[in-house]
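Everything on this sheet refers to the single structure shown next.
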Amino acid sequence: MKKIIYSVLLAASIFAFAGCNKTNKAKSSNAVEALKTRGVFVLGLDDSFPPLGYRNDDNEIVGYDIDLAKEVAKRLGVEFKAQPIDWGAKEMELETGKIDCIWNGFTITDERKDALSMTDAYLNNDQMFVVRADSGIKKLSGLKGKVIGIQSGSSAQEALDSKADFKASLKNVVSFKDNITALNDLDIGGVDAVLMDSVVANYAIAANNKPFVLVDESLSPEEYGIGFRKTEPELRDEVWSILKEMKADGTVAAIGQKWFGKDISVIQ
């Protein structure tokens, strides 16, 4: 009797597991259609990350990533919505369904590839230090004993954490909610340097006419990608396919020219 009961329970467990897998696969394969049914493509971003995504003087969210995503939404046949999120809780915002993707200078890492459905790289980037022009700091070695500013929850923080010896040589690391706040603190001398994405740093230096320069050496090279829920690889693939079409027909190059004066994308 015990053997019979055990066999029945085992069969029921296998059936339930198979049913669960079937449901998950159906959910995954229907992700694109579900998005089209909802009619809105929601992009999660840090809205203080120029020139990729930020608020202009009219409080509108604009930027390079925004223009790319708007065109993707148009070709999907849906509306576009830029949703500002807490960057430190970005993965939670995605998993709870509040946004459809994380697309805003989102660095590709092994951990994120394991946890999310990540696209290939569409931009290259470096984590670099911004310093005041009169600081005399030219190399990474010049930052020994200095106070560093960094955005909380950013890939800059991850890059710094991965360089244990270098981090240990610093006097202190101060976290900020965003890069703009960190740069303002650098401007008044609160910190000696800010570690941030070179794409954003170069734009900020040129646009704001601040007495800032980049340290010659990069702390860490990176690539930007777009993150989707792990259960929705088909949506990732659809978006990536559209981006490749946009690259081929010159749309990506035109958007790059608008924001950077040239096409800097690495979409293949």
Side-chain angles (χ1 to χ4, degrees), residues 44-50 52-53 65 84-95 101-132 135 137-186 189-205 212-228 230:
L45 80 157
D46 166 10
D47 62 354
S48 58
F49 203 69
L52 302 183
D65 284 352
I85 58 175
D86 176 358
W87 198 247
K90 51 192 173 295
E91 289 85 359
M92 184 181 298
E93 298 274 3
L94 181 63
E95 287 305 312
C101 67
I102 304 169
W103 186 348
N104 187 217
F106 191 41
T107 300
I108 299 171
T109 65
D110 289 340
E111 182 181 11
R112 288 170 179 171
K113 286 193 289 186
D114 287 341
L116 306 173
S117 290
M118 293 291 301
T119 66
D120 292 337
Y122 69 96
L123 282 182
N124 287 332
N125 179 58
D126 285 280
Q127 287 300 331
M128 299 189 72
F129 285 97
V130 181
V131 296
R132 291 184 296 278
S135 68
I137 301 172
K138 303 294 184 183
K139 302 289 185 181
L140 293 179
S141 58
L143 292 162
K144 182 178 181 180
K146 302 297 185 182
V147 179
I148 302 303
I150 204 164
Q151 181 183 16
S152 178
S154 66
S155 57
Q157 184 173 3
E158 294 176 14
L160 183 61
D161 289 342
S162 71
K163 309 289 185 181
D165 290 343
F166 176 80
K167 185 177 180 181
S169 74
L170 303 173
K171 179 179 180 179
N172 192 21
V173 178
V174 181
S175 294
F176 295 89
K177 66 176 183 178
D178 54 53
N179 287 313
I180 293 176
T181 306
L183 289 174
N184 287 337
D185 204 55
L186 174 64
V191 296
D192 299 304
V194 175
L195 180 61
M196 58 189 295
D197 301 61
S198 61
V199 170
V200 180
N202 282 313
Y203 183 85
I205 291 171
F212 297 153
V213 295
L214 289 174
V215 172
D216 293 340
E217 297 175 291
S218 165
L219 183 69
S220 176
E222 295 180 344
E223 294 176 321
Y224 288 156
I226 309 161
F228 295 82
K230 192 70 173 179

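Everything quoted here is computed from the prediction, not taken from an experiment.
- Screening Ser220, Ser218, Ser155 for a side-chain hydrogen bond (donor to acceptor under 3.5 Å, both in side chains) involving Gln127 leaves a single residue, Ser155.
- In this view, Asn104 satisfies the side-chain hydrogen bond (donor to acceptor under 3.5 Å, both in side chains) rule with no residue, not counting sequence neighbours.
- The closest side-chain heavy-atom distance from Ile102 to Trp87 is below 4.5 Å.
- Although no hydrogens or angles enter the test, the distance criterion places a donor-acceptor pair under 3.5 Å between the side chain of Glu217 and the main chain of Leu140.
- Going from atom CG of Asp120 over to atom CD of Glu223 covers 8.5 Å, rounded to the nearest 0.5 Å.
- We find the CD1-CD distance between Ile85 and Glu93 to be 5.5 Å, quoted to the nearest 0.5 Å.
- Shown here are the side-chain contact (heavy atoms from CB on, under 4.5 Å) partners of Ser48, two or more places apart in sequence or in another chain: Asp46, Asp178, Ile180.
- Applying the salt bridge (Lys or Arg N to Asp or Glu O under 4.0 Å) criterion to Asp114, with sequence neighbours excluded, gives no partner residue.
- A distance of 4.5 Å separates CD in Gln151 from CG in Asn179, rounded to the nearest 0.5 Å.
- At a threshold of 4.5 Å between non-hydrogen side-chain atoms, the residues Val131 and Lys146 do not count as touching.
- Separation of atoms OH (Tyr224) and CG (Asp197) is listed at 3.0 Å; rounding is to 0.5 Å.
- Residues that satisfy the side-chain contact (heavy atoms from CB on, under 4.5 Å) test with Ala182, not counting sequence neighbours, are Phe176, Val194.
- In this structure, CG in Leu45 is found 12.5 Å from CZ in Phe106, a value given to the nearest 0.5 Å.
- Taking both residues in full, the closest heavy atoms of Ala204 and Leu183 are given as CB-CD1, 3.9 Å, listed atom of the first, atom of the second, then distance.
- The side-chain hydrogen bond (donor to acceptor under 3.5 Å, both in side chains) check on Arg132 picks up nothing, with sequence neighbours excluded.
- Every side-chain contact (heavy atoms from CB on, under 4.5 Å) that Ala201 has, sequence neighbours left out, goes to Val130, Met196, Leu214.
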Which pairs of donor and acceptor atoms, one on a side chain in residues 163-170, lie under 3.5 Å apart (sequence neighbours left out)?
unit_1	atom_1	unit_2	atom_2	d
Lys167	NZ	Asp161	OD1	2.6
Ser169	OG	Phe166	O	2.6

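- Within the 3.5 Å criterion, the main-chain N or O of Ile226 finds a donor-acceptor partner in the side chain of Thr119.
- For Ser117, the side-chain hydrogen bond (donor to acceptor under 3.5 Å, both in side chains) criterion is met by no residue, not counting sequence neighbours.
- Side-chain contact check for Ile137 versus Leu143: some heavy-atom pair is nearer than 4.5 Å.
- Take Glu158 and apply the salt bridge (Lys or Arg N to Asp or Glu O under 4.0 Å) test, not counting sequence neighbours, and it matches Arg112.
- Partners of Val147 according to the side-chain contact (heavy atoms from CB on, under 4.5 Å) rule, which considers only residues two or more places apart in sequence or in another chain, are Lys171, Asn172, Val174, Val191, Asp192.
- Not counting sequence neighbours, Lys177 has no partner by the side-chain hydrogen bond (donor to acceptor under 3.5 Å, both in side chains) test.
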Quiz item: What do the steps show when you test Asp216 against Lys139 for side-chain contact (heavy atoms from CB on, under 4.5 Å), and what is the final call?
Solution: CA-CA 6 Å; Asp216 293 340; Lys139 302 289 185 181; 4.2 Å; yes
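- Within the 3.5 Å criterion, the main-chain N or O of Gly53 finds no donor-acceptor partner in the side chain of Asp65.
- For the atom pair OH of Tyr203 and CZ of Phe49, the computed distance is 13.0 Å after rounding to the nearest 0.5 Å.
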